[in-house]
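Read through the structure below, which is laid out as structure tokens, and then see the notes.
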Number of protein chains: 2
Amino acid sequence: MGSVIGTTTSVAVDLVIFTVRDGLLQVLLVRRDPPPFAGTWALPGGPVGPRETLETAARRELGEKTGLDDVYLEQLYTFGDPDRDPRGRTVTVAYYALIQSGRVRADESVSWFPAARPPRLAFDHAKILGTGVRRLRAKLEYTTVGFQLLPPKFTLTDLQNLYETILGKRLDKRNFRKKVLSLNLLRPHREKRAEGAHRPAQLYSFKLGKMMVLEGQIV
Amino acid sequence: MGSVIGTTTSVAVDLVIFTVRDGLLQVLLVRRDPPPFAGTWALPGGPVGPRETLETAARRELGEKTGLDDVYLEQLYTFGDPDRDPRGRTVTVAYYALIQSGRVRADESVSWFPAARPPRLAFDHAKILGTGVRRLRAKLEYTTVGFQLLPPKFTLTDLQNLYETILGKRLDKRNFRKKVLSLNLLRPHREKRAEGAHRPAQLYSFKLGKMMVLEGQIV
DNA sequence: TCAAAAGTGTTAAACGTACACCCATGA
DNA sequence: TCATGGGTGTACGTTTAACACTTTTGA
């Protein structure tokens, strides 16, 4: 309630940016240039500007690292252990974002890594990442967040692969399709996707722009 | 990633302390003495000390206001709009706590209010409280947090009243009992509670000390 | 014609939901 | 004996879970 005299606390945002690529849940990391942890990988993030809301700061960081602005973003958790940053007290508000694979161009200093086996991470970012993975798994089961990881048009097999990848378990094809279609969240397209020597797959898109909390579970 | 030069940001914790009393979900508020918002009610809270973790700061505040230390406490959300505190930029990490009614002595400056109809609150505390109520409702349905609001020994009617109060809907007595008992979370006691001109009620206690996430829904 | 992924139904078990009466007690 | 809240079971509909074959295509 009073002010904290003589103490400097920095407030930052950090981002856990997820995608699904190559059958793996992956996370976008940046290579740190300055010390501490120079040369190691870290979650994208940075200080909150004096006139920014926390979410604005998170969206700005996201835009700077990915060039994207129409992305699902949600506050994850706030980390503030006094020794988490050797430079001084820093409280970081972590957000997580879900983007469609292929919308971000990786390079030397910005790259995708498997979320389950990341490289050694700076600060307490391994802990933040773990919190993000658990949250995503939990939300996948009772919301439509998963759809944010797919391109505008996708097949039911794409969707099932996504769920199997993130949850780390196999699902029954017939039951999965029955359940997903019964939710009435998907609009079939005229076109089908033919790729390879087999029957072409029906393309669908997600009817709603926004994430939705479901009554029951998807899986 | 760099430090924020020339900007002072304070970091605070605020507490949404819930109980159930008189058939209502209630929240503990403190009367503010200093400006701004002098004389209005506010969530208990205060600055995070230089060597404290966020949770330690929250527990300290909780102890100062209630005298209790063995309380369910969970991080809720972080609020950081630049103008939320007229004195200057303050980011507040909100926690919510669940305590058993009757363990806190209210007085002139610390008092319980119905969470659904609080008095006018300082800062953005009405928004924080709303976030807390929604989170508690959501968690009640798929975890055992609700048990934290009951004394060590309680009856199934106590438990059902608690659920009905927080969720704001009536539940079927037989179905509720069947479901709760099938979870095997309760230990019956030898004693019963006789109060009034009717059959005495079986007392139970919660087997686990900790909150638990359930497979399905309680209600 | 073969290989590969898409697509499709049925059945049994579990679970959720609706519903009404007897029990034990103190006044 | 009455009023009060405690305590119990069943039947039906819905949901979940397990399970295998046919279709369409390109090579």
Side-chain angles (χ1 to χ4, degrees), chain A residues 20 22-23 140-144 146 150-151 153-165 167-205 213-219, chain B residues 20 22-23 140-144 146 150-151 153-165 167-205 213-219:
Chain A
V20 172
D22 311 326
L140 204 63
E141 305 206 349
Y142 70 97
T143 72
T144 61
L150 290 171
K153 296 180 187 180
F154 52 86
T155 68
L156 292 179
T157 301
D158 292 339
L159 184 62
Q160 183 174 347
N161 287 339
L162 180 93
Y163 270 78
E164 291 183 342
T165 296
L167 298 178
K169 62 181 176 194
R170 318 256 13 231
L171 303 172
D172 181 89
K173 182 160 61 156
R174 282 169 289 189
N175 293 337
F176 182 81
R177 285 166 181 242
K178 213 183 310 166
K179 186 63 192 284
V180 166
L181 291 175
S182 76
L183 294 173
N184 260 307
L185 297 169
L186 300 184
R187 187 197 329 285
H189 283 264
R190 293 258 176 77
E191 322 117 73
K192 307 200 170 203
R193 180 199 294 163
E195 49 165 4
H198 55 84
R199 181 168 175 175
Q202 176 67 53
L203 286 167
Y204 292 87
S205 55
V213 177
L214 302 170
E215 288 290 306
Q217 305 225 142
I218 293 194
V219 290
Chain B
V20 172
D22 310 327
L140 204 63
E141 305 206 348
Y142 70 97
T143 73
T144 60
L150 290 171
K153 296 180 185 178
F154 52 86
T155 67
L156 292 181
T157 301
D158 291 340
L159 184 62
Q160 183 175 344
N161 286 338
L162 180 92
Y163 271 78
E164 292 184 337
T165 296
L167 298 178
K169 63 182 175 192
R170 317 252 20 227
L171 303 171
D172 180 89
K173 183 161 61 157
R174 280 169 292 190
N175 294 339
F176 181 80
R177 284 165 183 242
K178 211 184 311 167
K179 187 62 192 286
V180 167
L181 291 175
S182 76
L183 295 172
N184 261 309
L185 297 169
L186 299 184
R187 188 197 329 282
H189 283 265
R190 294 260 176 74
E191 324 118 69
K192 307 197 171 203
R193 179 200 294 165
E195 50 165 5
H198 56 84
R199 183 169 173 175
Q202 177 66 53
L203 286 167
Y204 291 87
S205 55
V213 177
L214 302 171
E215 287 292 302
Q217 306 226 141
I218 293 195
V219 289

- For the pair B:R177 and B:T157, evaluate side-chain hydrogen bond (donor to acceptor under 3.5 Å, both in side chains) and give the outcome as yes or no after the intermediate values. CA-CA 9 Å; B:R177 284 165 183 242; B:T157 301; 3.1 Å; yes

- Query: Is it true that a side-chain atom of B:E195 and a backbone atom of B:P200 form a donor plus acceptor pair closer than 3.5 Å?
  - Reply: no

- Message: Please give me the minimum heavy-atom distance between A:L167 and A:E141, naming the atom from each residue.
- Response: CD2-OE2, 3.6 Å

- Message: Test side chain to side chain contact (heavy atoms under 4.5 Å, CB included) on B:N161 and B:V20; report intermediate values, then the result.
- Response: CA-CA 10 Å; B:N161 286 338; B:V20 172; over 6 Å; no

- Take A:V180 and A:L185 through the side chain to side chain contact (heavy atoms under 4.5 Å, CB included) test and state the conclusion after the steps. CA-CA 8 Å; A:V180 166; A:L185 297 169; over 6 Å; no

- Message: Just to be sure I understand the rule, does B:T157 reach a base, reach only the sugar-phosphate, or reach nothing, if contact means heavy atoms closer than 4.0 Å?
- Response: sugar-phosphate

- Which parts of residues 192-201 of chain B get close to DNA chain D, meaning a heavy atom less than 4.0 angstrom away? B:A197, B:H198, B:R199, B:P200, B:A201

- Check for a donor-acceptor pair, side chain of B:K153 on one end and backbone N or O of B:R193 on the other, with a separation under 3.5 Å. no

- Task: Indicate yes or no for a side-chain donor-acceptor contact from B:K178 to the backbone of B:K173 under 3.5 Å, with no hydrogens or angles considered.
- Result: no

- Query: Which nucleotide of DNA chain D is the first, and which the last, in the 5' to 3' direction, to come under 4.0 Å of a heavy atom belonging to chain B?
  - Reply: D:dA3 to D:dT10

- Residues which pass side-chain contact (heavy atoms from CB on, under 4.5 Å) with B:T143, listed by chain and number, not counting sequence neighbours: B:K139, B:V145, B:M211, B:V213

- Message: Using a 3.5 Å distance criterion without hydrogens, assess whether the side chain of B:Q202 forms a donor-acceptor pair with backbone atoms of B:H189.
- Response: yes

- Name every residue in residues 175-190 of chain A that has at least one heavy atom under 4.0 Å from any atom of DNA chain D, in order of residue number, or write none if there are no such residues. A:N175, A:K178, A:K179

- Query: Nucleotide range of DNA chain C contacted by chain B, 5' to 3', under 4.0 Å to a heavy atom?
  - Reply: C:dG16 to C:dG26

- Provide the closest heavy-atom pair for B:A201 versus B:T155 in the form atom of the first, atom of the second, distance. CB-CG2, 3.6 Å

- Residues two or more places apart in sequence or in another chain: which of them pass ring-ring contact (aromatic ring centres under 6.0 Å, His included) with B:F176? B:Y163

- Heavy-atom closest pair, residues A:L140 and A:I218: O-CD1, 4.2 Å

